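All residue numbers refer to positions in the sequence shown, counting from 1. None of these values were measured; they are calculated from a predicted model.
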Amino acid sequence: MTELITHDPAIELINVSRRFVSPTGKSLTALRDFNMTVERGEFVAVVGPTGCGKSTTLNLVTGLARPSAGEVRLMGGPVSGIDPRVGFAFQTDALFPWRNVIDNVMAGPLFRGKPRDVAETSAKGWLARVGLSKFMNHYPHQLSGGMRKRAALAQTFVNEPEILLMDEPFSALDVQTRTVMHEELLRLWAERKASVVFVTHDLEEAVALADKVYVLTAGPATVKSVYKIDLPRPRVVSEIRYEQQFIDYCKTIWDDLRQEVETSYRRASEAA
């Protein structure tokens, strides 16, 4: 009899709550009874009102924060500190301004103990993938915003992460450059098939990229709804936005999300 092989999900948050103490000494709850599952190779987007705890979710997965209650698991095991299988892309890129592009991309492999020649070969390969081979000796201040983001993607993917956490990585870019970066990200993700959690305020961005969209409530955040995005892959982001199925997804999810946004704004106005 053939033994059935099962794979645990890449990420599981099980009944997680996260509380912290404000500078004034008040106890605040960022997440409450939060449940999320990200399968291996799955691209999940997270949307919700401003300040609802989306970034806190990522911090729990990285091990930078611990849950006050509940459990966070990676690949079937508990989170215990920083995990080398996890890559993180921030809202602002993490390029070292005093290093040129190739030294920035090599930094991760070198830190993880790779020989310099191996790190350099890997870095050159990823810079070629993101179209920056001719700019490897440039410094970050000599690059455009889109080029810096491409360098940051190479800097992340060169470490071959099994899990990729992205916190509004393209929010500072103009619309045209952001569309290019969406397609660049999807291409690299298709190569690596990492499991992705992508936090964004942009609902269209979430629908264009993701297999699943989680809608969070106004803080303290919990999961309000989960939408499976059944759009064919590979996706061309610059074209998919005009398809009726895409428009229908955006409208349905926005009708759900809008209630939480209005709640968040109302609370902020009352507090003021």
pair Lys224-Gln259: side-chain heavy atoms closer than 4.5 Å: yes
Check: Arg99 main-chain N/O paired with Asn104 side-chain donor or acceptor under 3.5 Å: yes
From CG (Leu185) to CD (Glu205), nearest 0.5 Å: 9.0 Å
Residue pair Glu184 / Leu153: nearest heavy atoms and the distance that separates them: CG-CD1, 4.3 Å
Side chains of Val105 and Val130 in contact at under 4.5 Å (non-hydrogen atoms): no
Plane angle bin for Trp126 and Phe157 - parallel if under 30°, tilted between 30 and 60°, otherwise perpendicular: parallel
Val180 side chain reached by Gln176 side chain, heavy atoms, under 4.5 Å: no
The single option from Leu31, Val72, Thr56 passing side-chain contact (heavy atoms from CB on, under 4.5 Å) against Pro67: Val72
Inter-residue atom distance Leu132.CG - Ile102.CD1, 0.5 Å rounding: 11.0 Å
Tyr214 side chain vs Thr37 backbone, donor-acceptor pair below 3.5 Å: yes
Inter-residue atom distance Ile247.CD1 - Thr252.OG1, 0.5 Å rounding: 11.5 Å
Side chains of His201 and Lys54 in contact at under 4.5 Å (non-hydrogen atoms): yes
Side-chain atoms of residues 117-124: list all donor-acceptor pairs with protein atoms under 3.5 Å, sequence neighbours left out, distances to 0.1 Å.
from, atom 1, to, atom 2, distance (Å)
Glu120, OE2, Lys124, NZ, 3.3
Thr121, OG1, Asp117, O, 3.0

Val158 and Pro109, any side-chain heavy atoms less than 4.5 Å apart: yes
Val207 and Tyr227, any side-chain heavy atoms less than 4.5 Å apart: no
Side-chain (Arg19) to main-chain (Ser27) donor-acceptor, under 3.5 angstrom: no
Among Thr57, Leu216, Asp167, Val223, the one residue meeting side-chain contact (heavy atoms from CB on, under 4.5 Å) with Val46: Leu216
Within-4.5 Å side-chain heavy-atom neighbours: Trp254 and Val261: yes
Side chain proximity check, Pro169 to Phe198, heavy atoms < 4.5 angstrom: yes
CE-CG distance between Met181 and Leu188, expressed to the nearest 0.5 angstrom: 8.0 Å
Distance in Å, Asp174 CG paired with Thr179 OG1, rounded so as to fall on 0.5 Å steps: 8.5 Å
Among Ile163, Val61, Leu165, Leu164, the one residue meeting side-chain contact (heavy atoms from CB on, under 4.5 Å) with Val197: Leu165
Smallest separation among heavy atoms of Arg129 and Glu191, with atom names: NE-OE1, 2.9 Å
Thr200 to Ala206 - nearest heavy-atom pair and separation: CG2-CB, 3.9 Å
Salt bridge Arg266-Glu262, side-chain N to carboxylate O under 4.0 Å: no
Salt-bridge contact Arg85-Asp83 (side-chain N to carboxylate O under 4.0 Å): yes
Where Glu71 and Val16 come nearest, the two heavy atoms and their spacing: O-CG2, 3.3 Å
Candidate pair Asp33 and Thr222, rule side chain to side chain donor-acceptor pair (under 3.5 Å), full reasoning: CA-CA 6 Å; Asp33 299 328; Thr222 192; over 6 Å; no
Within 6.0 angstrom of Arg233 CZ, more than 12 heavy atoms from elsewhere: yes
Closest contact, heavy atoms only, Ala194 versus Trp189: O-NE1, 2.8 Å
Interatomic distance, Leu64 atom CG to Phe88 atom CZ [nearest 0.5 angstrom]: 7.0 Å
Minimum heavy-atom distance Ala30-Phe20, with the two atoms named: CB-CE2, 3.9 Å
